[in-house]
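Only one structure is covered here, and it is reproduced in the block below.
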Amino acid sequence: MECVGNLSLRQFEYLVAVVDEGRLTRAAQRLHVTEPTVSQQLRTLERAVGTALVERRPEGVRPTTAGAAFLPYARTTLRCAREAASAARSAAPGDGRALRVGTVRTALPAALLPGVRRWTRAHPASPILVRPHESRSRLQESVAAGAVDMGVGPWPVDWDGRVRVLGTEELVVVCAEDDDLCGRTIRLAELSGRCWIAHQGFGSGPAFTEAFRPAGFRPRVVLEVPQAETAVALARQGVGLTLASADAFHSPVPETVAHPLPRLRHEVTVYTAARPPAGAAECAATLAGS
């Protein structure tokens, strides 16, 4: 396994698995190794970084504040390694042209999955490469520059290309596990005095503030981070509340969320540049079911 200094991709993979699964036992099963191996690799990683990245609690393993800050970089590093291998394979002689789909988070929106199934069944020689981006604006820049063939995420701002609606996602409020909001259904107006963590594509601009307009208040944003995963981890640490798609969580939705009334929803779109590359328009139409 390749190393950078004293850090290795394998260690990053172990950290991500432990945080995702919440238990060392489940992470070990996912990675097909023993639990002591996972513990040892985590300790080695923490020594290399110089601070604790996870804490073990009776209810499971959670990232520390330092771990929450480290985690998106670990995910990005793993993603880049996978993309490098995929790019090499897609460029190999005899392969069909891969279509690059950019997203604003690592997990695919549920609204995208039926379209992906339709495309892969109809075009097995043209695989889809999913490339997560750290922000909504970076995704738009990538589509405009041709770094990816199409973008999937919130409605793009000031876009002159074709935009198709994939569907809608329901948003939930993420909080700390000792917050009295946990597991409740609550009216948005009751949250007007709380601190908020913003993230792309619910940045501190119109996309984020517009969600609170029906409740008649402007959210007090104390922190903005690029990725939803970081905002969720920080919200669970008690830094503030944040909004996240319910589809981003493993089923069932954890207790550290509250369901707002009225319900918050936003559209998920797929969009291409004004002059899309070959196959991109057809793929976008298939993903959108049109």
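FYI, side chains are in, hydrogens and waters are out, and symmetry mates aren't considered; it's all heavy atoms of this structure. All figures in this text were calculated on a predicted structure; none of them were measured in a lab.
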**OP:** Check whether any side-chain heavy atom of Thr168 lies under 4.5 Å from a side-chain heavy atom of Val268, and answer yes or no.
**Re:** no
**OP:** For the residue pair Leu191 and Phe212, establish whether any side-chain heavy-atom pair is separated by less than 4.5 Å.
**Re:** no
Original post:
Heavy-atom count around Arg23 CZ within 6.0 Å, excluding the residue itself: above 12?
Top reply: yes
**OP:** Could you point out which residue of Ser126, Pro127, Pro124 forms a side chain to side chain contact (heavy atoms under 4.5 Å, CB included) with Trp119?
**Re:** Ser126
Subject >> Arg62 (side chain) donor-acceptor with Glu55 (main chain) under 3.5 angstrom >> reply: no
Original post:
Under a 4.5 Å cut-off applied to non-hydrogen side-chain atoms, are Val152 and Leu139 in contact?
Top reply: no
Subject >> Any donor-acceptor pair under 3.5 Å from Arg220 side chain to Arg194 backbone >> reply: no
Original post:
Val61 versus Leu24: any side-chain heavy-atom pair under 4.5 Å?
Top reply: yes
**OP:** Give a yes or no on this: more than 12 heavy atoms of other residues, nucleotides or ligands lie within 6.0 Å of atom OH of Tyr73.
**Re:** no
Original post:
Are the side chain of Thr242 and the backbone of Ile197 linked by a donor-acceptor contact shorter than 3.5 Å?
Top reply: yes
Side-chain polar contacts of residues 46-54 - donor-acceptor pairs under 3.5 angstrom, sequence neighbours left out - could you list them?
unit_1: Glu46; atom_1: OE2; unit_2: Leu53; atom_2: N; d: 2.9
unit_1: Glu46; atom_1: OE2; unit_2: Val54; atom_2: N; d: 3.3
unit_1: Arg47; atom_1: NH2; unit_2: Thr44; atom_2: OG1; d: 3.4

Original post:
For Arg275, does the CZ atom have more than 12 heavy-atom neighbours from other residues, nucleotides or ligands under 6.0 Å away?
Top reply: no
**OP:** Please check if the side chain of Thr269 supplies one atom and the backbone of Gly153 the other of a donor-acceptor pair under 3.5 Å.
**Re:** yes
**OP:** Measure from the side-chain N and O atoms of His133 to the backbone N and O of Arg131, and report whether any donor-acceptor pair falls under 3.5 Å.
**Re:** yes
